[in-house]
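Written below as structure tokens is the structure these notes are about.
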Amino acid sequence: MAIVGTVSACGPGEPPIETRSAEAIFAEAEAKVSNDRTAEEAAVLYGEVERLYPYSELAKRALIMQAYAYHLDRDYENSRATAQRYIDFYPADEDAAYAQYLLALSYYDQIDLVGRDQGLTFQALQALRTVIERYPESEYAQSSILKFDLAFDHLSAKEMEIGRYYLKRSHFPAAINRFRVVVEDFQTTTHTAEALYRLIEAYLSLGLTDEAQTAGAILGYNFQSTEWYEDGYNLLQGVGLKPDLIGTGWLQAIYRQMIKGEWL
């Protein structure tokens, strides 16, 4: 993908960019990249180093810095494309890990901007996993692990948000489907306890007492010290029930996984 600058590489009265050395252009870009307001200009200048001096050592450095400058400018598409070019051209270089990290950030930093479309979140998870698995000893691996967990939690939070929406409007089967996703696919996130409580609510509303009691039992085994278990217990007790493992549905499989460690 071609990277097209939107600002001139030369200011008024400056000599043509073609007459300047790679070092001079790079130095000007370095001066601009530290300022968010001139990050776009820096990106264009780094691109000029690569264009005019493609075989210089600075060209390689300019490419990774261009990806960084685009990221500062929140031009995530160009940042991602530039980072990918670096990885394609220099896969064994010491900055390849940073390029992959910038690529991941180009997705991750947009997660809160995309509403309910979670495609970018999945792409962020995939790109962060690449950093973790391909560059486990790099300085970016630990940050990628943290961001991976946060992105994973974000997906779980979105499922909860939609589930609550359905629950509030008495669309109980639709709500159950969302909470089930959280319990089955996002067990390590911070939302599992609430999901189990909401399942108690939804199942009781449908008169499915066996399922409600089983959800309460799993909630008690894993999250007994939380307010969600206390509320769930009181909810069951209010209709003459208690947490108990009853029935043979999908929650029984969850019980075997979460409590007994049986995954088959």
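One-based numbering along the sequence shown.
- Taking the side chain as every heavy atom from C-beta outward, Arg178 and Met160 never approach each other to under 4.5 Å.
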Q) Can you list the steps and then say if Asn234 with Glu230 is a side-chain hydrogen bond (donor to acceptor under 3.5 Å, both in side chains)? A) CA-CA 6 Å; Asn234 291 335; Glu230 183 179 349; 4.5 Å; no
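- Residues that satisfy the side-chain contact (heavy atoms from CB on, under 4.5 Å) test with Ala174, not counting sequence neighbours, are Tyr166, His171.
- For Tyr233, the OH atom counts as loosely surrounded, since its 6.0 Å shell holds 12 or fewer non-hydrogen atoms of other residues, nucleotides or ligands.
- Across all their heavy atoms, Thr189 and Thr192 have their closest contact at O-OG1, 3.5 Å.
- At least one side-chain heavy atom of Leu102 sits less than 4.5 Å from a side-chain heavy atom of Ile64.
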Q) Step by step, would you call Thr130 with Leu103 a side chain to side chain contact (heavy atoms under 4.5 Å, CB included)? A) CA-CA 10 Å; Thr130 299; Leu103 192 155; over 6 Å; no
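- Side-chain heavy atoms closer than 4.5 Å link hydrophobic residues (I, L, V, M, F, W, Y) into clusters, and following such links, possibly through other members, connects Tyr197 to Leu241.
- Side chain of Gln126 to backbone of Phe122: no donor-acceptor contact under 3.5 angstrom is found.
- Aromatic rings from His71 and Tyr76 are positioned such that their centres are separated by under 6.0 Å.
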Q) How far apart are the C-alpha atoms of Asp75 and Asn78, what are their side-chain angles, what is the distance that settles it, and do they pass the side-chain hydrogen bond (donor to acceptor under 3.5 Å, both in side chains) test? A) CA-CA 6 Å; Asp75 185 349; Asn78 272 330; 2.9 Å; yes
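- Applying the side-chain contact (heavy atoms from CB on, under 4.5 Å) test to Ile145 and every residue at least two apart in sequence or in another chain returns Ile132, Gln142, Asp149.
- For the pair Arg61 and Phe26, the cation does not sit on the ring face, since its NZ or CZ is not both under 6.0 Å from the ring centre and inside 45° of the axis.
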Q.
Let's go through Glu139 and Tyr101 carefully: what are the C-alpha distance in whole Å and the side-chain angles of both, what is the deciding distance for side-chain hydrogen bond (donor to acceptor under 3.5 Å, both in side chains) to 0.1 Å, and is it a yes or a no?
A. CA-CA 10 Å; Glu139 61 185 292; Tyr101 184 65; over 6 Å; no
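- Expressed to the nearest 0.5 Å, how far CD1 of Ile218 lies from CZ of Phe223 amounts to 10.0 Å.
- Residue Arg169 places its CZ atom among more than 12 non-hydrogen atoms of other residues, nucleotides or ligands, all under 6.0 Å distant.
- With hydrogens and angles ignored, the 3.5 Å screen pairs a side-chain donor or acceptor of Gln187 with a backbone N or O of Val183.
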Q: Begin with the C-alpha distance, continue with both residues' side-chain angles, and end with the deciding distance and a verdict on side chain to side chain contact (heavy atoms under 4.5 Å, CB included) for Val182 and Leu196.
A: CA-CA 9 Å; Val182 174; Leu196 287 163; over 6 Å; no
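- Between Leu236 and Leu204 there is a side-chain heavy-atom pair separated by less than 4.5 Å.
- You'll find the side chain of Thr121 stays beyond 4.5 Å of the side chain of Gln110, heavy atoms only.
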Q.
Using the rule given for side chain to side chain contact (heavy atoms under 4.5 Å, CB included), can you reason through Asp244 versus Thr214, listing the C-alpha separation, both sets of side-chain angles and the distance that settles it, and then say yes or no?
A. CA-CA 5 Å; Asp244 197 4; Thr214 301; over 6 Å; no
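- When hydrophobic clusters are built by joining Ile, Leu, Val, Met, Phe, Trp and Tyr residues whose side-chain heavy atoms come closer than 4.5 Å, directly or via intermediates, Leu245 is grouped together with Leu199.
- No side-chain donor from either of Glu28 and Tyr46 sits under 3.5 Å from a side-chain acceptor of the other.
- Between Gln252 atom CD and Asp210 atom CG the span is 9.5 Å, to the nearest 0.5 Å.
- Leu120 has its side chain out of reach of Ile111: every pair of non-hydrogen atoms, C-beta onward, lies at least 4.5 Å apart.
- A donor-acceptor contact shorter than 3.5 Å is absent between the side chain of Ser79 and the backbone of Arg74.
- The CZ atom of Arg134 sits 13.0 Å away from the CZ atom of Arg129 when rounded to the nearest 0.5 Å.
- Nearest heavy-atom pair, Asp93 versus Tyr86, reported as atom, atom and distance to 0.1 Å: OD2-OH, 2.5 Å.
- In this structure, Ala96 and Ile87 approach most closely via the heavy-atom pair O-CG1, 4.2 Å.
- Using a distance-only test at 3.5 Å, with no hydrogens or angles considered, a donor-acceptor pair links the side chain of Ser56 to the main chain of Ala59.
- Residues Phe179 and Gly163 approach most closely at CZ-C, 3.3 Å, considering heavy atoms.
- Note: the hydrophobic cluster containing Val239 also contains Leu208 (ILVMFWY, side chain heavy atoms under 4.5 Å, direct or indirect links).
- At distances below 3.5 Å, at least one donor-acceptor pair connects side-chain atoms of Asp153 with backbone N or O atoms of Thr190.
- Look at Arg164 and Glu194 and you find a salt bridge, because one of the NZ, NE, NH1 or NH2 atoms lies within 4.0 Å of a carboxylate O, short of that distance.
- Side-chain N or O atoms of Gln213 include one that pairs as donor or acceptor with a backbone N or O of Lys242 at under 3.5 Å.
- Residues Leu72 and Met65 fall within the same hydrophobic cluster, defined by Ile, Leu, Val, Met, Phe, Trp and Tyr side chains chained together at heavy-atom separations under 4.5 Å.
- Arg85 places no side-chain N or O within donor-acceptor distance of the main-chain N or O of Ala81, the cut-off being under 3.5 Å.
- In this structure, Lys60 does not pair ionically with Asp95, as no charged nitrogen and carboxylate oxygen lie closer than 4.0 Å.
- Annotation: side chain of Tyr107 is in contact with side chain of Arg80 (closest heavy-atom distance under 4.5 Å).
- Taken from CG in Leu155 to CG in Asp185, the straight-line distance is 10.0 Å, to the nearest 0.5 Å.
- Of all the heavy atoms in Val131 and Ser144, the pair that sits closest is CG1-OG, 3.2 Å.
- Interatomic distance, Lys147 NZ to Tyr108 OH, rounded to the nearest 0.5 Å: 5.5 Å.
- Between the side chain of Asn35 and the backbone N or O of Arg37, at least one donor-acceptor pair lies under 3.5 Å.
- Taking a cutoff of 4.0 Å between a charged side-chain nitrogen and a carboxylate oxygen, Lys168 and Glu201 do not qualify as a salt bridge.
- Checking side-chain atoms of Asp73 against main-chain N and O of Ala69 turns up no donor-acceptor pair under 3.5 Å.
- Separating the CG atom in Asp231 from the OH atom in Tyr229 is a distance of 11.5 Å, to the nearest 0.5 Å.
- Hydrophobic cluster membership is shared by Tyr203 and Leu235, with clusters built from Ile, Leu, Val, Met, Phe, Trp and Tyr side chains linked at under 4.5 angstrom.
- Ring pair Tyr221/Tyr255: centre-to-centre distance below 6.0 Å.
- With sequence neighbours left out, Tyr98 forms a ring-ring contact (aromatic ring centres under 6.0 Å, His included) with Tyr140.
- Shortest non-hydrogen contact noted between Pro54 and Arg51 is CD-O, 3.6 Å.
- Residues Pro243 and Leu219 form no side-chain contact, since every pair of their non-hydrogen atoms from C-beta on lies 4.5 Å or further apart.
- With Gln66 contributing its side chain and Ala43 its backbone, the two residues share a donor-acceptor pair below 3.5 Å.
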